[in-house]
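Only one structure is covered here, and it is reproduced in the block below.
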Amino acid sequence: FTLGEALGTWQVWLLIVSIVLISSAGLAGVSKIVRYSHSFGFTAAAATAAAGGLAITNGLGRLFMGSISERIGRENAMIWSFILCGAFLLLTVVAGNAHSQSLFVTATVLAIFFWGPLFSLFPTVIGHYFGEVSAGSNYGLLYAIAKGSGGLYGGVLSAMLINSHGFPFAITTAAVMAVLAGLLIGAGIMKTGRVPDAFDLARWGHFLAGIPWLGLLYYFNFVQAPALATASAETRAELFRDGGIVRRALWWFRWASVAT
């Protein structure tokens, strides 16, 4: 397929939307990792460890998931890589709210570990589905769109969200984008060669909504409840105030359960 012929297929548009989502999600975290760490009151050492770990795991993730893709298939590797990226981005928010520096650094490093493979998996998928002859121009289009739109969200739109709603909201949005990128690949389009029907979309929407619902359920039982049991009356009052973490978590839990 030439570039023009590829643009005439719905498969390439699926890949474009997916790479825009995952690129934006990762760049939102990478570009602001030091400020993000400081927003939770973590030490400079934690911010340095997170930033330094990104450079190493970014490359290692590409090698690891590229090797895995040869065993489980490129689409499956993309699905799990992007969903895990989103899950670990969400875990950074949980770690920050729990004031756990070690968990924050670990989750940050793992999020980028599973984000980096997009740059090794998308080129192989493009070559596999649209041929090797025009693979350079076909992937060049995806890469240009991903960098441009990813920079727009990661640099500008995420900054606007941070200023208006704070880091947790912006990073949670990025996590959802990463998960959605994986779900788009897993919707059956690339494997079955058919456009998904309403049942396909509903099934994957159900799966997407269930991730924050179950994740928050574990958070309530294993993180929040034990912490509240030992917190002072003043601390509990602060956590339960309007706009506090407890009310925000309950808002997400309520509507995630409804959507599921």
Can you give me every donor-acceptor pair (side chain of residues 237-247, partner residue at least two apart or in another chain, under 3.5 Å) with its distance?
{"from": "Glu238", "atom 1": "OE2", "to": "Arg241", "atom 2": "NE", "distance (Å)": "2.7"}
{"from": "Asp242", "atom 1": "OD1", "to": "Arg247", "atom 2": "NE", "distance (Å)": "3.4"}
{"from": "Arg247", "atom 1": "NE", "to": "Phe240", "atom 2": "O", "distance (Å)": "2.5"}

Donor-acceptor pairs are to be reported for all side-chain atoms of residues 79-86 against protein atoms at under 3.5 Å, with residues two or more places apart or in another chain.
{"from": "Ser81", "atom 1": "OG", "to": "Phe114", "atom 2": "O", "distance (Å)": "2.5"}

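For the atom pair NE2 of His165 and CE of Met160, the computed distance is 9.5 Å after rounding to the nearest 0.5 Å. To the nearest 0.5 Å, atom CD of residue Gln101 and atom OG of residue Ser37 are 7.0 Å apart.
Under the side chain to side chain contact (heavy atoms under 4.5 Å, CB included) criterion, Leu103 pairs with Leu91, Ala95, Ser100, sequence neighbours left out. Contacts of Thr260 classified as side-chain hydrogen bond (donor to acceptor under 3.5 Å, both in side chains), with partners at least two apart in sequence or in another chain: none. His99 pairs by the side chain to side chain contact (heavy atoms under 4.5 Å, CB included) definition with nothing, not counting sequence neighbours. Residues forming a side chain to side chain contact (heavy atoms under 4.5 Å, CB included) with Leu90 (at least two apart in sequence, or on another chain): Thr172, Ala175. In this view, Ser39 satisfies the side-chain hydrogen bond (donor to acceptor under 3.5 Å, both in side chains) rule with no residue, not counting sequence neighbours. For Tyr219, there are no ring pair (Phe, Tyr, Trp, His ring centres under 6.0 Å) partners at least two apart in sequence or on another chain. Legend: residues meeting side chain to side chain contact (heavy atoms under 4.5 Å, CB included) with Phe253, ordered by chain and number and at least two apart, are Trp213, Leu216, Leu217, Phe220.
With hydrogens and angles ignored, the 3.5 Å screen pairs no side-chain donor or acceptor of Ser67 with any backbone N or O of Leu63. Under the 3.5 Å distance criterion, the side-chain polar atoms of Ser257 are matched with a main-chain donor or acceptor of Arg254.
Minimum heavy-atom separation, Arg236 to Ala231: NH1-O, 2.5 Å. Here the closest non-hydrogen pair linking Pro168 and Val93 is CB-CG1, 3.8 Å.
Contacts classified as side chain to side chain donor-acceptor pair (under 3.5 Å) and involving residues 85-95 (residues at least two apart or in different chains) are given here: Tyr36-Thr92.
If you chain together hydrophobic residues whose side chains sit under 4.5 Å apart, Tyr218 and Val94 never meet in one group.
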